[in-house]
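Accompanying notes for the structure given below.
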Amino acid sequence: MERGNALDKTVTDVAAAVADIPDGASVMIGGFGGAGSPIELIHALIDRFRATGHPAGLTVINNNAGNGHVGLAALIEAGMVRKLICSFPRSADPVVFTQAYQEGRIELELVPQGTLAERIRAGGAGIPAFYTPSSFGTDLAAGKPVELFEGRSYVRERWLKADFALVKAETADTHGNLTYRAASRNFGPLMCMAAAIAVVQARRVLPAGGIDPEQVITPGIFVQRVVEVARPVQEEDLNRARATYPLEAE
Amino acid sequence: MERGNALDKTVTDVAAAVADIPDGASVMIGGFGGAGSPIELIHALIDRFRATGHPAGLTVINNNAGNGHVGLAALIEAGMVRKLICSFPRSADPVVFTQAYQEGRIELELVPQGTLAERIRAGGAGIPAFYTPSSFGTDLAAGKPVELFEGRSYVRERWLKADFALVKAETADTHGNLTYRAASRNFGPLMCMAAAIAVVQARRVLPAGGIDPEQVITPGIFVQRVVEVARPVQEEDLNRARATYPLEAE
Amino acid sequence: MDKLTDNQIAWRAAQDIADGAYVNLGIGLPEKVAQYQPPGREAVFHTENGILNFGESPASGAEDWDLINAGKKAVTLKPGASFFHHADSFAMVRGGHLDVAILGAYEVAQNGDLANWSTGPKGVPAVGGAMDLVHGAKRVAVITGHVTRDGRPKLLERCTLPLTGVGCVTRVYTSLAVIDVADGRFVLREKLPALSIDALQAVTGARLLTPGPVADLICPEL
Amino acid sequence: MDKLTDNQIAWRAAQDIADGAYVNLGIGLPEKVAQYQPPGREAVFHTENGILNFGESPASGAEDWDLINAGKKAVTLKPGASFFHHADSFAMVRGGHLDVAILGAYEVAQNGDLANWSTGPKGVPAVGGAMDLVHGAKRVAVITGHVTRDGRPKLLERCTLPLTGVGCVTRVYTSLAVIDVADGRFVLREKLPALSIDALQAVTGARLLTPGPVADLICPEL
């Protein structure tokens with residue numbers, strides 16, 4: 001019997017993987033600091049913006065706000081990000097975000113880290129709202145419904161979904177099953193669930209069945225595109241080398 | 001430096017593992033049908049009840065209601081279960097639960113399967129309530145708050161926690177890190193999170209570090225007791241052999 | 001009255017499953033749909049108890065009882081399979097990640113309401129994952145005989161049995177016809193060639209609209 | 001005024017961590033607590049970004065930047081470590097699975113309120129996991145200098161800065177004393193031997209109660 005190939009989610013290169021992200025899209029970007037940051041996908045998006053002026057006006061969801069002048073920081077520096085939803089917009093070198101924020105060029109929605117993670121999971125799991133004790137009684141709960149359960153107060157939080165997710169994995173198979181490496185797992189599995197189109201760069205792409213079913217961390221149902229980036233750069237290494245992106249701007 | 005041993009969660013045998021479950025306790029029992037059913041722990045609980053009359057009046061949380069006359073069905077048949085919270089109290093041979101239910105000897109709280117899973121996860125994750133589309137407009141939503149989000153109606157459901165969980169794993173280490181086998185994973189990871197004391201029977205117990213950190217499915221923080229059951233019986237095999245428990249009742 | 005066999009209904013439902021689709025099949029008749037994937041297409045089947053991309057039943061005696069589907073039948077794995085816990089499994093369901101769920105029915109109403117879990121207050125109630133599936137999959141279809149065993153219509157103006165879900169069904173594959181639910185009404189899309197619309201209407205408990213062409217429902221011998 | 005070094009405050013806090021405890025240490029001063037686990041005890045350290053049972057920093061040059069803690073410092077693993085995603089990590093936090101969280105503070109109020117994330121409307125706000133940690137761990141302790149760098153009390157009747165959490169702190173380890181929060185009041189448990197209660201009260205912004213004995217706070221040279 002002839003086999004279908006719609007399950008082969010591989011795309012040829014990072015440029016193709018992000019070619020259709022439109023102006024104004026919401027984009028979840030994996031990583032906690034540099035660990036798990038899909039640098040090559042982000043840089044491909046910047047390349048496209050420099051060549052075409054698109055995409056602009058993005059809403060980015062990430063735990064942080066970038067570090068130095070590469071990756072997410074470079075995306076902000078390029079002027080592509082209208083709004084950032086994150087928990088901790090500080091880093092060793094936060095100058096790009098800090099300036100954009102202080103000059104009013106970027107909007108910030110600050111979310112407690114656990115609430116951010118749970119809102120993304122809820123988006124992926126079809127849970128439109130949930131209650132959490134986090135932020136109760138603080139400025140970050142302002143305007144949110146509060147409810148008492150068993151004598152304790154909780155804040156109602158809404159799900160968070162996105163049009164796209166950019167995620168870095170260690171191993172993928174062609175169906176989009178994923179494994180991650182160490183603490184670079186962080187937001188990847190959640191963002192793949194919560195985005196309409198999850199775009200994954202993986203160090204290795206194997207045929208379907210190349211990952212033991214017991215060891216799949218993200219099942220392929222949550223992944224729409226896979227691109228092999230065999231030698232990904234590490235954000236931390238770029239920043240220690242004081243790199244900027246695009247590189248010619250050094 | 002001398003090392004502590006509080007992190008060694010192994011107990012000597014299944015009897016010791018369930019020796020302190022009191023009358024009236026809530027007990028989550030893993031498994032979907034026979035896959036993942038911690039038969040040896042359940043039977044140890046029945047042995048204790050036959051020897052001491054305790055524990056009785058249990059509230060059991062399981063996806064099903066037992067099959068045949070072993071495992072959960074035998075627990076019900078022994079008269080130890082006051083109330084069952086489950087999604088699907090039918091099986092190939094549901095006579096034990098069916099009779100107890102029809103004679104009013106057991107209370108049933110029927111919960112949609114996905115809601116059951118999410119309520120247990122919520123219990124483990126500190127989420128006291130969440131909204132789900134499941135059961136909206138049906139008898140199973142009766143009396144529950146309903147809310148509209150983005151034009152769609154959702155039912156508010158509460159977390160589910162328990163005093164104990166009985167779970168079957170494939171491999172454990174002494175810290176309680178766990179892996180499962182195939183589809184026997186089902187409710188195990190969730191119930192370990194949601195119970196004050198998660199009691200795990202594992203086919204192999206390894207020293208700490210015996211499981212690759214990448215392959216841990218349930219981190220040890222969610223597990224309080226581990227007991228090795230090197231050759232667990234499979235509920236399906238017992239039922240095909242028309243076994244009953246206790247065995248002398250055959 | 002001539003009607004499709006169960007295998008034929010399943011075959012017809014399978015024709016609407018796109019290449020690469022993620023699919024959940026209910027226990028019983030819906031499970032048969034997996035056997036009739038059209039050549040050139042490959043779907044991934046999900047089972048609520050925690051497997052993606054399971055395959056056919058193993059040979060008798062070769063069963064692994066840790067490797068079962070939601071109906072507690074032994075299955076096998078296909079390349080690209082994965083295991084996951086129940087909360088993740090229903091995140092797939094509830095989160096809209098399945099392309100289609102195909103379920104059985106006691107009754108379907110013209111507004112898309114489905115009743116398939118309870119035949120009333122007698123007996124032991126059991127719901128399983130049906131209430132999650134009807135609100136999760138991108139497309140919820142029903143596969144069923146057109147009438148009950150004793151000849152009463154299963155397609156109704158309103159369900160009389162306890163509901164599984166409200167306004168959730170969009171297409172019904174029956175032993176006589178393929179019928180869509182659109183704007184709160186049944187729209188006839190295909191029917192057995194030998195069957196008149198009047199004869200079909202006579203065994204249907206709600207008005208069948210025909211705003212467009214009605215194609216012949218033709219299946220191979222199965 | 002004589003006071004404890006940061007290492008000594010960390011040492012004191014470490015004495016209250018039981019064998020086998022699961023512990024989250026905030027970024028900065030709290031991280032030092034890990035170095036002073038008493039002999040015969042072993043704690044498991046959790047970091048929000050998805051590791052249980054991480055160990056010390058690797059040698060310079062041997063860092064693996066996929067293996068970092070919440071402060072984005074490179075760490076190593078101990079036997080029995082595990083990785084997990086952020087939702088599972090905060091399930092551990094929010095779900096009450098951590099035995100203790102030890103955090104830094106700008107201000108602590110006698111009702112247990114904590115302010116440690118924002119110094120006001122200036123600058124870029126950043127919260128991280130602090131608001132989750134204060135409502136999750138079974139015991140939330142603060143470790144801090146007793147006064148600010150410019151000598152103002154950090155223990156107050158009410159916090160003046162934006163709150164991290166309401167009524168969450170139960171014990172404060174400072175450079176001068178160990179103080180519990182009980183029934184909305186500060187209760188002095190230990191103080192430096194050379195320090196009078198009056199002198200301590202003079203640098204504390206809320207009344208210190210002494211319903212029981214006040215022990216000498218004695219730490220090794222560190």
Side-chain angles (χ1 to χ4, degrees), chain B residues 32-36 63-65 67 86-92 94 97-98 101-102 108 110-118 120-122 124-125 132-141 152-154 170 180-191 193 217-218 234-237 240, chain C residues 27 47-52 54 63-75 77 81-96 111 113-115 117-118 120-136 159 161-168:
Chain B
F32 177 89
N63 189 64
N64 303 103
N67 190 14
C86 82
S87 89
F88 201 80
R90 282 190 210 138
S91 63
F97 174 80
T98 302
Y101 179 73
Q102 288 175 338
L108 173 66
L110 193 71
V111 182
Q113 195 172 337
T115 299
L116 181 65
E118 191 66 14
I120 298 169
R121 180 194 176 270
T132 173
S134 305
S135 91
F136 171 73
T138 77
D139 295 351
L140 296 191
R152 202 170 160 196
S153 296
Y154 296 85
E170 176 67 4
Y180 300 85
R181 183 166 182 277
S184 71
R185 187 182 303 187
N186 54 66
F187 283 90
L190 310 174
M191 290 179 170
M193 293 170 69
I217 301 299
T218 292
Q234 192 34 281
E235 184 182 286
E236 186 73 25
D237 291 330
R240 285 174 179 242
Chain C
I27 298 170
T47 181
E48 297 95 296
N49 56 312
I51 315 176
L52 267 176
F54 67 95
E63 298 94 346
D64 176 346
W65 296 112
D66 285 342
L67 196 58
I68 59 176
N69 66 12
K72 299 179 183 104
K73 295 203 194 92
V75 296
L77 297 181
S82 55
F83 300 119
F84 35 85
H85 62 54
H86 251 76
D88 281 350
S89 182
F90 281 89
M92 295 174 190
V93 171
R94 206 191 299 104
N111 62 359
D113 288 1
L114 172 66
W117 74 281
S118 169
K122 272 184 288 185
V124 177
V127 62
M131 287 191 184
D132 305 283
L133 283 162
V134 296
H135 287 300
C159 291
L161 292 171
L163 292 185
T164 306
V166 170
C168 52

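Sequence lines set the chain letters: A, B, ... in the order given, protein chains first and strands last, and positions in each chain run from 1. What's counted below: heavy atoms across the whole structure, side chains too, no hydrogens, waters or symmetry copies.
- For the residue pair B:L110 and C:P125, the shortest heavy atom distance occurs at CD1-O, 3.6 Å.
- For C:V93, no part lies under 4.5 angstrom from a heavy atom of chain B.
- If you tally non-hydrogen atom pairs under 4.5 Å between each of C:A81, C:S82, C:A126, C:G165 and chain B, the highest count goes to C:A126.
- Counting heavy-atom pairs under 4.5 Å between each of B:P94, B:G188, B:G114, B:S153 and chain C puts B:G114 at the top.
- With respect to chain B, the highest number of heavy-atom pairs below 4.5 Å among C:W65, C:F90, C:F54, C:F84 belongs to C:W65.
- With a 4.5 angstrom heavy-atom cutoff, C:N69 touches chain B only via backbone atoms.
- Neither the backbone nor the side chain of C:S118 has a heavy atom closer than 4.5 Å to any heavy atom of chain B.
- Chain C forms more heavy-atom pairs under 4.5 Å with one residue of B:N64, B:N67, B:I217 than with any other, namely B:N64.
- A 4.5 Å side-chain heavy-atom check between B:L140 and C:M131 finds at least one atom pair inside the cut-off.
- When the candidates B:P112, B:G137, B:G36 are compared by the number of heavy-atom contacts under 4.5 Å with chain C, B:P112 comes out ahead.
- Distance check, rounded to the nearest 0.5 Å: OG1 of B:T138 to CG of C:D113 gives 11.0 Å.
- The existence of a salt bridge linking C:D66 and B:R185 is excluded, since no basic side-chain nitrogen approaches an acidic carboxylate oxygen closer than 4.0 Å.
- Using a 4.5 Å cut-off between heavy atoms, B:F32 touches chain C through backbone and side chain atoms alike.
- By number of non-hydrogen pairs under 4.5 angstrom with chain C, the leading residue of B:A182, B:A35, B:A183 is B:A182.
- Considering only heavy-atom pairs separated by less than 4.5 Å from chain B, the leading option among C:A91, C:S89, C:G129 is C:G129.
- How far CH2 of C:W117 is from OG of B:S135: 9.5 Å, rounded to the nearest 0.5 Å.
- For a residue to count as touching a neighbouring chain, one of its non-hydrogen atoms must lie under 4.5 Å from one of that chain's; by this rule B:P89 touches chain C with backbone and side chain alike.
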Candidate pair B:L190 and C:H86, rule side chain to side chain contact (heavy atoms under 4.5 Å, CB included), full reasoning: CA-CA 8 Å; B:L190 310 174; C:H86 251 76; 3.9 Å; yes
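- C:I68 touches chain B through backbone and side chain together, each having a heavy atom under 4.5 Å away.
- Using a 4.5 Å cut-off between heavy atoms, B:L108 touches chain C through its side chain atoms alone.
- The distance from the NE2 atom of C:H85 to the CE atom of B:M191 is 12.5 Å, given to the nearest 0.5 Å.
- In this structure, chain C has a heavy atom under 4.5 Å from the side chain of B:F97, while its backbone stays farther away.
- Looking at B:R121, the atoms closer than 4.5 Å to chain C (heavy atoms on both sides) all sit in the side chain, from C-beta outward.
- Interatomic distance, B:S184 OG to C:F83 CZ, rounded to the nearest 0.5 Å: 8.5 Å.
- With chain C as the partner, the residue from B:Q234, B:Q102, B:E118 showing the most heavy-atom pairs under 4.5 Å is B:Q234.
- With a 4.5 angstrom heavy-atom cutoff, B:T115 touches chain C via backbone and side-chain atoms both.
- The line from NE2 of C:H135 to OG of B:S134 is 6.5 Å long, rounded to the nearest 0.5 Å.
- Interatomic distance, C:N49 CG to B:N63 CG, rounded to the nearest 0.5 Å: 9.0 Å.
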